[in-house]
Amino acid sequence: MKTFFPEVSAPIAYEGPDSKNPLAFKYYDANRIVGNKTMAEHLRIAVAYWHTFVGNGGDPFGAPAYERTWDTGSTALERAEHRARAAFEFFTKLGVNFYCFHDRDISPEGANASEYVKNMEHMTGLLKALQNDTGVKLLWGTSNLTANPRYTHGAATNPDPAVMACAALQVKTTMDATKELGGVNYVFWGGREGYETLLNTNMQREMEQMARFFHMVVDYAKTTGFTGQLLIEPKPKEPTKHMYDFDAATVLGFLRQYDLIDHFKLNIEANHATLAGHTFDHDLTIASMNGKLGSIDANVGDLLLGWDTDQYALDLETVTKCMLIVLKQGGLNPGGLNFDAKVRRGSIDGLDLFYGHIGSMDAFARGLLTAQRILDDDLLPKFVRDRYAGYDDGLGKRIMDGKESLTSLAEWAMNHEEPQRRSGRQEMLENLLQSYF
Ligand code: XUL
Ligand code: CO
């Protein structure tokens, strides 16, 4: 049988931190127990089909830059089949258990709606066979509601209901495929759900349309027995100037306003959080403290570039802070870490796809180990607990139990000295965090 990655002859092995073998894991050791589960169970790493097998290195200034061994075949469907076989060879050689896709990544759009559905059914059959052969599972599916020009002014938020109908066809078809493949989540990223100018936009109508669409999705999932977790992925800009799913807090407000909060969780992407002017751990925390951190798109942006560069996350501090939040909430399952990341335009070889994933899998493995040590030591968490201890009993507890009023508190202040000021100890805590790396 044809191999698409002949440079990698055996599955990537764990060789430990001293290894200099670029095709080995230094920290990611799938079966190593950390706390109460294996590393693989904690991290639930998924490969993103779009960046890894569809991405061609093209950018706004230049033509496609990669020549992929799987990009062969006389029809679009044949090319999609080769791509699928290459994908499963990659998953197996890399040793990951999950993958994620958009409908358009796995299957050609076709000349019309019925061709689209037929192609999707055909490719779902092939993916199912490949999953059965390899044991690799689907973390989530999603529909690409951005690429086709019909979505220029939105999918569900489009002023034309006929466009919403096309989006419904895609979501229904992709959700059917996700269910058939045993996918455990389904993601919505509203890439075109936003606007450029209020001169032509009724924002209220568009948000109401989006909410109605999501209610139809919830109803459909119920009737067809799709039990996967529904997820919304916030992003503040690019492609649209004003996006309705700006950040975690905005999406939570939307879900509450439109009575959708019980049906959705969030898929938080690092680079989207930073584009919103937040840190990754800020948006993760907003989601997690609301019981809504469902899954993560693991990547990172470039501090010097103001767009969504989707790079492999390597920075130890960032990934450790991420894994602290994940551990504290008891894991991500059924979500996981989808590596929504791509190699740079200049990294033209299939081998570069391995290096990208290996490096970031190692980083998250280190982040996991470091986060576990931080929790075991309990120095950082204890500092924060102690900082709020005033609310655990006495005056603070009475306030939170609703036993004090503005009047009674004012009286308390009249009868007591000025509160003692306390240092936030930021530098000491930053040093303590560094000591774990
Ligand atoms: C876009 C992005 C998407 C979603 C899935 O920035 O992150 O790839 O993850 O549609
Ligand atoms: Co993403």
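Because the structure is a prediction, the values reported are computed rather than measured. Atoms within a ligand are numbered from 1 in the order they appear, just like the ligands themselves.
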Minimum heavy-atom separation for Q170 to R104, with atom names? CD-NH2, 3.1 Å
Quick check, are the ring centers of F91 and F98 under 6.0 angstrom apart? no
Is the distance between the ring centroids of F90 and F354 under 6.0 Å? yes
Quick one: side chain to side chain contact (heavy atoms under 4.5 Å, CB included) partners of N119, sequence neighbours excluded? L77, S107, P108
Can you name the one residue among D340, T142, D297, N185 that meets side chain to side chain donor-acceptor pair (under 3.5 Å) with N267? D297
So, are R385 and D378 salt-bridged, with charged N and O less than 4.0 Å apart? yes
Does any N/O atom on D340 come nearer than 3.5 Å to any N/O atom on ligand 1? yes
Between ligand 1 and D297, is the shortest N or O to N or O distance under 3.5 Å? yes
Between Y195 and H242, how do the two ring planes meet: parallel, tilted or perpendicular, split at 30° and 60°? parallel
Using a 3.5 Å cut-off on N or O atoms only, is D308 in polar contact with ligand 1? yes
Measure centre to centre between the rings of F364 and H42, then say whether the value is under 6.0 Å. no
Looking only at distance, does T142 have an N or O less than 3.5 Å from an N or O of ligand 1? no
Yes or no: does E238 have any heavy atom under 4.0 Å from an atom of ligand 1? no
Geometry only, no angles: is H102 polar-contacting ligand 1 at N/O separations under 3.5 Å? yes
Would you call the rings of W70 and F5 parallel, tilted or perpendicular if under 30° counts as parallel and over 60° as perpendicular? tilted
Using a cut-off of 2.8 Å, count how many protein N, O or S atoms are strictly closer to the Co ion (ligand 2). 4
